[in-house]
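Following: one structure in structure tokens, then a few remarks.
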Amino acid sequence: MRYSPLKVDLIQGGKPFATFNDRQLFHLEHTHTKGENETEGAWEERFRSFTDSKPRGPQAISVDVTFHSVRHIYGLPERASSFSLKDTFEEGNPTSEPYRLYNLDVFEYDHDSPFGLYGSIPLLLAHRAGLTVGAFWLNGAEMFVDVSSERSGFLTGKHVVSRQSHWIAESGIVDFFFMPGPSPADVAMQYAQLTGTASLPPMFGISYHQCRWNYNDQEDVKLVDASFDEHDIPYDVIWLDIEHTDGKRYLTWDRHKFPEPKKMQQEIASKGRKMVTIVDPHIKRDKNYPVFKEAEKSGYFVKTKDKKDFDGWCWPGSSSYLDVMNPEIRQWWAKQLSEENYPESTTDLHIWNDMNEPSVFNGPEVTMPKDNLHFPNGSSGLPVEHRDVHNLYGLFYHAATAEGLKLRSEGKERTFVLSRAFFAGSQKYGAIWTGDNAANWDHLRVSVPMLLALSIAGISFSGADVGGFFGNPETDLLTRWYQLGTYYPFLRAHAHLETKRREPWLFGEPATSRIREALRERYALLPYLYTLFRWGNLTGQPIMRPLWYEFPNDSNVFDMDDAFMFGDSLLVYPVLEKDAESITARLPGTEPWYCAKTGSVHAPGTATVSVDMESIPVWLRGGTIVARKERPRRSSAQAALDPLTLVISLDRKGAASGDLYMDDGHSFDFDSGKYIHRKFSFKGQTLTNERFDGSSTWDMPTMIEKIVILGMKNKHLSAHLQDGTPLHVEQGPLIMAAGNPDVALIVRKPKLSASLDWTITFLSA
């Protein structure tokens with residue numbers, strides 16, 4: 001560190017890899033007195049018909065960070081653009097734009113734009129072979145980040161030698177952090193130590209969710225639920241949008257459409273399923289609405305610059321917004337979600353927070369005026385302008401809602417709350433989705449880089465609306481979206497009010513069968529996925545990972561955003577083009593890859609693979625063990641005690657390893673040791689199951705139904721347990737399907753407990 005001028009270098013091997021204030025762009029506006037600086041816009045700013053009073057004048061702060069010997073940087077969600085961030089500052093291009101971080105309700109967003117969307121995380125990650133580093137500015141005000149490349153004149157004159165970033169915040173403080181890595185996993189853990197790890201969701205939360213704006217009435221809900229069973233398609237959660245309420249008064253029911261809401265929830269719950277209703281932050285200004293009446297009386301609403309309750313326009317019409325910056329108000333809001341205060345609700349009802357940027361239809365840029373006031377310490381405390389905390393509003397509303405559902409069960413049950421707006425730390429409270437996408441191939445394609453950007457920024461429980469929110473997807477597009485959505489951490493289909501109905505069975509055969517198979521694959525992978533979520537809860541590791549996260553030294557994958565790793569074991573190549581007949585896949589690393597459909601082996605490198613509409617290319621990584629549940633069920637709850645299949649994909653040395661985490665899938669009992677965490681390892685033709693750690697105290701009657709081994713060179717083997725008990729071994733396909741070759745060695749019905757230690761030894765027959 002040097003002080004005059006200020007410069008901070010992070011050094012590895014005697015050379016700097018990141019520098020704060022490298023270009024001396026660290027500037028702070030000093031405190032001004034009105035009249036001292038009369039530059040236009042300094043003390044009052046006009047936007048269309050809106051005026052921002054700016055009572056403290058200019059308050060901007062800027063910093064710069066240079067990442068040395070780096071060509072690729074990532075992060076700054078949320079926006080629809082490439083994963084590896086493009087330069088925003090182009091010489092001679094006056095229309096180039098910086099990346100903007102300002103939570104907004106963006107209608108029908110473009111599929112390729114630096115414009116900010118519903119959430120903001122001021123985090124950049126830089127990666128090169130051998131090193132990953134992160135930079136994070138904890139500041140909730142509006143921010144712009146310019147990204148540029150420093151180039152060498154050597155040879156072509158276009159060789160990138162570093163990436164530069166220039167951050168400008170409208171207000172706030174300098175609270176800047178570096179995560180020095182050096183590995184991607186190290187950066188994820190370091191960032192999680194700052195902002196928190198993702199909460200462990202309940203099992204139903206990571207299953208399939210069915211939603212649209214809106215299911216019309218109670219009979220419609222009953223019919224959709226029954227139709228999933230009729231067509232043998234699994235799902236866990238059905239959702240209700242704003243039309244279920246009494247005049248957009250949240251925590252109410254339209255009793256003409258939903259005359260018996262508690263009975264409706266109970267009928268859904270009887271099949272092991274849940275329901276979600278939407279609860280937005282705008283409160284209808286109605287003296288006869290108890291939520292509004294009590295909040296107004298208590299002074300709980302955000303104020304205007306004149307300290308009057310802010311009145312904005314949203315779905316209910318005239319609305320006010322809770323000042324969730326105040327912990328007292330967050331606690332009050334949490335209590336409104338109790339069964340007593342939310343009439344006809346049950347513990348099987350969960351919540352969706354939409355429009356919490358916050359969206360204000362008649363506000364500047366469809367949001368709240370920046371000179372509105374929050375009182376985080378109550379009305380007697382000092383006010384904070386909305387401009388200072390705008391990007392935090394959605395996070396605090398999300399947090400208060402999650403706390404309400406936790407209080408409802410007296411802290412016993414895990415919660416599910418989906419939010420559209422987010423900030424650093426939102427991962428502690430629930431899931432995030434990418435907002436109002438469109439039913440076209442461009443939005444299918446951009447969902448991958450959008451979710452990768454969220455994932456490396458800690459928001460691991462995230463997804464995009466399957467099928468696209470706006471518009472009507474053609475059958476092939478919807479099929480491809482379900483096939484990709486199978487591997488979204490959060491899987492929900494959703495559609496706009498004016499779209500045609502698109503439940504999976506409405507598209508006829510063969511589309512319905514293809515969608516059914518995609519969703520069944522999701523349910524088969526739930527044991528593996530749940531284990532990934534537990535690791536995220538412990539260490540901050542993402543579920544959906546860029547290829548460089550797992551293969552940090554392969555420069556060929558640094559700019560790839562059309563494929564991803566699903567955890568450490570599955571490589572997913574979605575089909576993102578209409579009428580595609582083949583894809584070219586990069587299979588990184590040095591170990592073999594096994595087709596997840598046929599079990600056929602592929603050497604690392606580049607492969608051109610034919611595709612059809614039945615599935616998308618997915619590979620199992622050599623050296624891994626994946627636990628699955630392969631019995632088709634209607635919901636995850638009905639599969640809770642189903643037996644497991646272990647799929648062992650051997651590496652070049654004939655070894656593999658993996659783990660399995662299990663608990664009751666819904667409560668916080670895992671915090672007191674009531675869980676199972678097992679480690680599976682295959683080495684020297686011996687498969688071992690042992691306890692992963694010594695802190696678990698739980699037993700679960702889950703059995704191993706089948707063991708499938710890929711890559712075993714000698715397939716004429718016998719097997720026995722550690723006590724000498726022989727096991728039946730045979731050759732067979734990875735998956736029972738027409739045309740699949742007998743590439744696997746299979747042990748059927750070994751009658752082994754997943755939660756107990758055991759060893760299987762394989763010998764030449």
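Heavy atoms only: backbone and side chains are in, while hydrogens, waters and symmetry mates are out.
Aromatic pair Phe490/Trp433: ring centres not closer than 6.0 Å. Note: Phe533 and Phe461 meet the aromatic proximity criterion, with ring centroids under 6.0 Å apart. A centroid separation of less than 6.0 Å is found between the aromatic rings of Phe692 and Trp535.
The pair Lys262-Glu260 does not count as a salt bridge, with every side-chain nitrogen at least 4.0 angstrom from each carboxylate oxygen. In this structure, Arg408 does not pair ionically with Glu403, as no charged nitrogen and carboxylate oxygen lie closer than 4.0 Å. Ion pairing between a basic and an acidic side chain is recognised when a charged N comes within 4.0 Å of a carboxylate O; Asp757 and Arg691 show no such pairing. Salt bridge status for Asp232 with Arg516: absent, with no side-chain N to carboxylate O gap under 4.0 Å. A salt bridge links Asp642 to Arg633: at least one charged side-chain nitrogen sits closer than 4.0 Å to a carboxylate oxygen. Ion pair Lys274/Asp236 not flagged as a salt bridge, since none of the NZ, NE, NH1 or NH2 atoms sits closer than 4.0 Å to an Asp/Glu carboxylate oxygen. The pair Asp286-Lys248 does not count as a salt bridge, with every side-chain nitrogen at least 4.0 angstrom from each carboxylate oxygen. Ion pairing between a basic and an acidic side chain is recognised when a charged N comes within 4.0 Å of a carboxylate O; Asp246 and Arg249 show such pairing. Between Arg545 and Asp568 there is no salt bridge, since none of the side-chain N atoms of the basic residue sits less than 4.0 Å from a carboxylate O of the acidic one. With respect to the salt-bridge test (charged N to carboxylate O, under 4.0 angstrom), the residues Arg631 and Glu705 qualify.
Shown are Asp217, Leu240, Ile238, Asp225; of these, the side-chain contact (heavy atoms from CB on, under 4.5 Å) with Met264 is made only by Leu240. Applying the side-chain hydrogen bond (donor to acceptor under 3.5 Å, both in side chains) test between His282 and each of Trp315, Tyr321, Tyr250 identifies Tyr250 as the sole match. The one candidate from Asn356, Asp105, Asn103 that meets the side-chain hydrogen bond (donor to acceptor under 3.5 Å, both in side chains) condition with Arg420 is Asp105.
Although no hydrogens or angles enter the test, the distance criterion places no donor-acceptor pair under 3.5 Å between the side chain of Tyr487 and the main chain of Arg522. In this structure, Thr539 contributes its side chain and Gly536 its backbone to no donor-acceptor pair below 3.5 Å. Remark: the backbone N or O of Phe375 is paired with a side-chain donor or acceptor of Asp323 at under 3.5 angstrom. Looking at Asn537, its side chain does come within 3.5 Å of a backbone N or O of Ala198 through a donor-acceptor pair. Panel note: side chain Ser462, backbone Ile459; a donor-acceptor pair is recorded below 3.5 Å. The closest donor-acceptor contact from the side chain of Gln265 to the backbone of Thr346 lies under 3.5 Å. Checking side-chain atoms of Arg414 against main-chain N and O of Pro201 turns up a donor-acceptor pair under 3.5 Å. Between the side chain of Asp465 and the main chain of His494, no donor-acceptor pair closer than 3.5 Å is present.
Classified by interplanar angle (parallel below 30°, tilted 30° to 60°, perpendicular above 60°), the ring pair His244/Trp253 is perpendicular. Note: Tyr397 and Tyr393 have parallel aromatic rings, judged against thresholds of 30 and 60 degrees for the angle between ring planes. Relative orientation of the Phe204 and His209 rings is tilted, given thresholds of 30° and 60° on the angle between their planes. Note on ring orientation: taking the six-membered ring where Trp is involved, the planes of Phe136 and Tyr191 are perpendicular (angle over 60°, cut-offs 30° and 60°).
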* List the steps, then state whether side-chain contact (heavy atoms from CB on, under 4.5 Å) holds for Val237 with Ile268. => CA-CA 9 Å; Val237 192; Ile268 294 291; over 6 Å; no
* Checking salt bridge (charged side-chain N to carboxylate O under 4.0 Å, His left out) for the pair Lys257/Glu219: CA distance, chi angles, key distance, verdict? -> CA-CA 8 Å; Lys257 296 179 180 178; Glu219 285 303 310; over 6 Å; no
* Asked: Could you go step by step and tell me if Glu503 and Arg501 meet the salt bridge (charged side-chain N to carboxylate O under 4.0 Å, His left out) rule?
  -> CA-CA 6 Å; Glu503 287 75 30; Arg501 294 291 286 259; 3.3 Å; yes
* To do: Report the C-alpha distance between Lys287 and Glu296 in whole Å, list the side-chain angles of each, state the deciding distance to 0.1 Å, and finish with yes or no for salt bridge (charged side-chain N to carboxylate O under 4.0 Å, His left out).
  => CA-CA 9 Å; Lys287 300 286 188 183; Glu296 183 188 45; 2.7 Å; yes
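Remark: His386 NE2 to Asn391 CG distance equals 8.5 Å, nearest 0.5 Å. The distance from atom CG of Leu756 to atom CE of Met700, rounded to the nearest 0.5 Å, is 13.0 Å. Rounded to the nearest 0.5 Å, atoms OG (Ser345) and NE2 (His350) are 10.5 Å apart. Considering CE of Met325 and CG of Leu373, their distance stands at 13.0 Å, rounded to 0.5 Å. Considering CD1 of Ile515 and CG of Leu519, their distance stands at 7.5 Å, rounded to 0.5 Å. To the nearest 0.5 Å, atoms CG (Leu532) and CG (Leu525) are separated by 9.5 Å.
In terms of heavy atoms, Arg212 sits closest to Leu497 at NH2-O, 3.7 Å. In terms of heavy atoms, Leu407 sits closest to Ala334 at CD1-CB, 3.9 Å. A pairwise comparison of heavy atoms in Leu526 and Ser636 identifies CD1-CB, 3.8 Å as the closest pair. Here the closest heavy-atom approach between residue Gly540 and residue Thr197 is recorded as N-CG2, 3.9 Å.
Thr277 and Tyr342 form a side-chain donor-acceptor contact under 3.5 Å, judged by distance and modelled atom types alone.
The cationic group of Arg534 does not satisfy the cation-pi geometry with Phe670, failing either the under 6.0 Å distance to the six-membered ring centre or the 45° limit from the ring axis. Under a cutoff of 6.0 Å and an axis angle of 45°, Lys271 and Tyr235 do not form a cation-pi pair. Both tests pass for Arg492 against the ring of Trp239: distance under 6.0 Å to the centre and angle within 45° of the axis.
Other residues, nucleotides and ligands contribute at most 12 non-hydrogen atoms within 6.0 Å of the NZ atom of Lys679.
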